[in-house]
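Bear in mind the structure is a predicted one, so any value in this text is a computation, not a measurement. The sequence lines fix the lettering, A, B, ..., with proteins before strands; numbering per chain opens at 1.
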Protein chains: 2
Amino acid sequence: MESNVTAAVPRGRPREFDAQEALAAALRVFWLRGYEGASLTELTEAMGITRPSLYACYGNKESLFRKALDLYEQEKLAYMGAALNAPTAREVAERLLHGALEMQRSTSDPRGCLGVISSLACGAEAESIKAEVIARRASSEAALIQRFERARDEGDLPDHVDPAGLARYLGAVIQGMLVQASSGVSCKDLSKLVDTAMMVWPSR
Amino acid sequence: MESNVTAAVPRGRPREFDAQEALAAALRVFWLRGYEGASLTELTEAMGITRPSLYACYGNKESLFRKALDLYEQEKLAYMGAALNAPTAREVAERLLHGALEMQRSTSDPRGCLGVISSLACGAEAESIKAEVIARRASSEAALIQRFERARDEGDLPDHVDPAGLARYLGAVIQGMLVQASSGVSCKDLSKLVDTAMMVWPSR
DNA sequence: TGCTTTCCATACCGATCGATATAGTGAGTT
DNA sequence: AACTCACTATATCGATCGGTATGGAAAGCA
């Protein structure tokens, strides 16, 4: 079997649109509307392509969403991986909170979090999408739990805090903040929220 | 104009179903699916009535949702009003967190929060629903801010915490916890989350 | 130039969406 | 018993959903 990662010799008429650019446009629509709320009409209009082009290039709506989710994690959630490398648990939390906050400052991106938006409300048919998003989040949470377990072992956390509980707690603060961002709470207020969260962060 | 709160003399054939009972069934569907994810077919099947009966009794889907939202706030969010009357800010937080946690223990109700679910993902047509839910939540948040301002005035909070920031922070913890509940996190883990949140709660 | 291949545009598919028109039925009033 | 009115059941409305069939246009290769 030959490699089909890059077609060796592109035969036929080449694509007239930039697949990555169009995917970014689709991501914005999903981000704004959620998986089910994003109709093919709105998607294709935002992407500047027709329906047959969309299906030829991305498969169907569901696989388009998964590709958009990949792009989202890769571009917008890059700060997460970096945050886990911070030297102390407190700095991990600070980087995660500020990373999420900074993302909300963008004027070109929608508010909130694509994952949260797409994992909650869904009709009966979108259960597999919901499951996918939840599975991806689970791996992030597992990494955070491990990081805090390491912090505990390094004496970086007070003895009475449970690493797993702390990880879920921090995840809740971030997700709750993103819910509020979706609801239109201003960045200034979100910033005060983050400041409060850091103020109460447990220290030895 | 006569009072139409209660029809003085009900003429014609009386309704064969219990409007309140059917509304409770509709609430469960909205809670599980969100506003847009709940189809009329699924609603009427759960309610045990036909479409014309639904429209005659509740108006349309949107007004049915608002009535369900009323019922939800009245029945499921009753603990919120009570929590605000707790003597200290810490106890207010504790009652709110535990109230939300206890709600997730129900085996008959869906997980998560109807408000959060319905305020996030939505197509273009459900914007008015989203606005409605957000407006209702705003009044709750305002009450919480006032409560914490009172706490500050009573010397019930450390001087360095901002009441509004603390209120938004607590709201985020609760909403984030409900997001996780919707995602299937177990009550045991949610309980650890709440314990952690109470552990870090600022004390004088 | 001729051929292949994939592109784009239009129109359309069955299914489902929220919402109603129509007709028949039945309980309460007179 | 006759009448009235709102109920129920069925069938259907136009619009939109995700997804495609069809046909002409255009780029690359021989």
Side-chain angles (χ1 to χ4, degrees), chain A residues 2 4 6-23 25-26 29-30 33-68 118 121-129, chain B residues 2 4 6-23 25-26 29-30 33-68 118 121-129:
Chain A
E2 344 176 14
N4 52 3
T6 57
V9 174
R11 312 238 300 187
R13 180 177 173 180
R15 181 178 294 124
E16 289 183 1
F17 63 92
D18 183 323
Q20 201 68 12
E21 211 170 290
L23 183 61
V29 176
F30 281 128
R33 302 285 185 204
Y35 175 70
E36 288 188 306
S39 72
L40 281 185
T41 299
E42 190 172 3
L43 283 167
T44 52
E45 282 177 359
M47 299 167 79
I49 64 177
T50 63
R51 289 177 176 218
S53 299
L54 188 153
Y55 278 81
C57 183
Y58 305 98
N60 58 12
K61 186 185 180 183
E62 181 167 340
S63 80
L64 172 65
F65 179 80
R66 287 179 206 273
K67 289 177 171 59
S118 297
C122 72
E125 66 179 27
E127 294 285 353
S128 74
I129 290 292
Chain B
E2 343 176 16
N4 52 3
T6 58
V9 174
R11 311 242 299 193
R13 181 177 170 180
R15 181 179 293 124
E16 290 184 2
F17 62 92
D18 183 322
Q20 200 68 10
E21 209 170 292
L23 183 61
V29 177
F30 281 128
R33 303 285 186 203
Y35 175 70
E36 288 187 305
S39 71
L40 280 186
T41 299
E42 191 171 1
L43 283 168
T44 52
E45 281 176 359
M47 299 168 79
I49 64 177
T50 62
R51 289 177 176 216
S53 298
L54 188 152
Y55 278 81
C57 185
Y58 305 97
N60 58 13
K61 187 186 180 184
E62 181 168 340
S63 80
L64 172 65
F65 179 80
R66 287 178 206 273
K67 289 177 171 60
S118 297
C122 71
E125 65 179 26
E127 293 287 353
S128 75
I129 290 291

Problem - Test item: A:Tyr55 and A:Leu40 side chains (from C-beta on) under 4.5 Å apart, heavy atoms - result: yes

Rounded to whole Å, CG of B:Leu43 lies from P of C:dA19 at a distance of 11 Å

For A:Arg51, the salt bridge (charged side-chain N to carboxylate O under 4.0 Å, His left out) test, sequence neighbours excluded, returns none

For the residue pair B:Lys61 and B:Tyr35, would you count it as a cation-pi contact if the rule is NZ or CZ under 6.0 angstrom from the ring centre and within 45 degrees of the ring axis? yes

Protein heavy-atom contacts under 4.0 Å, written 5' to 3' over nucleotides 7-18 of chain C as B (base), S (sugar-phosphate only) or - (none), form the string BSBB------SB

The salt bridge (charged side-chain N to carboxylate O under 4.0 Å, His left out) partners of A:Glu16 (sequence neighbours excluded) come to A:Arg13

query: Side chains of A:Leu23 and A:Asp18: does their closest heavy-atom pair fall under 4.5 Å?
result: no

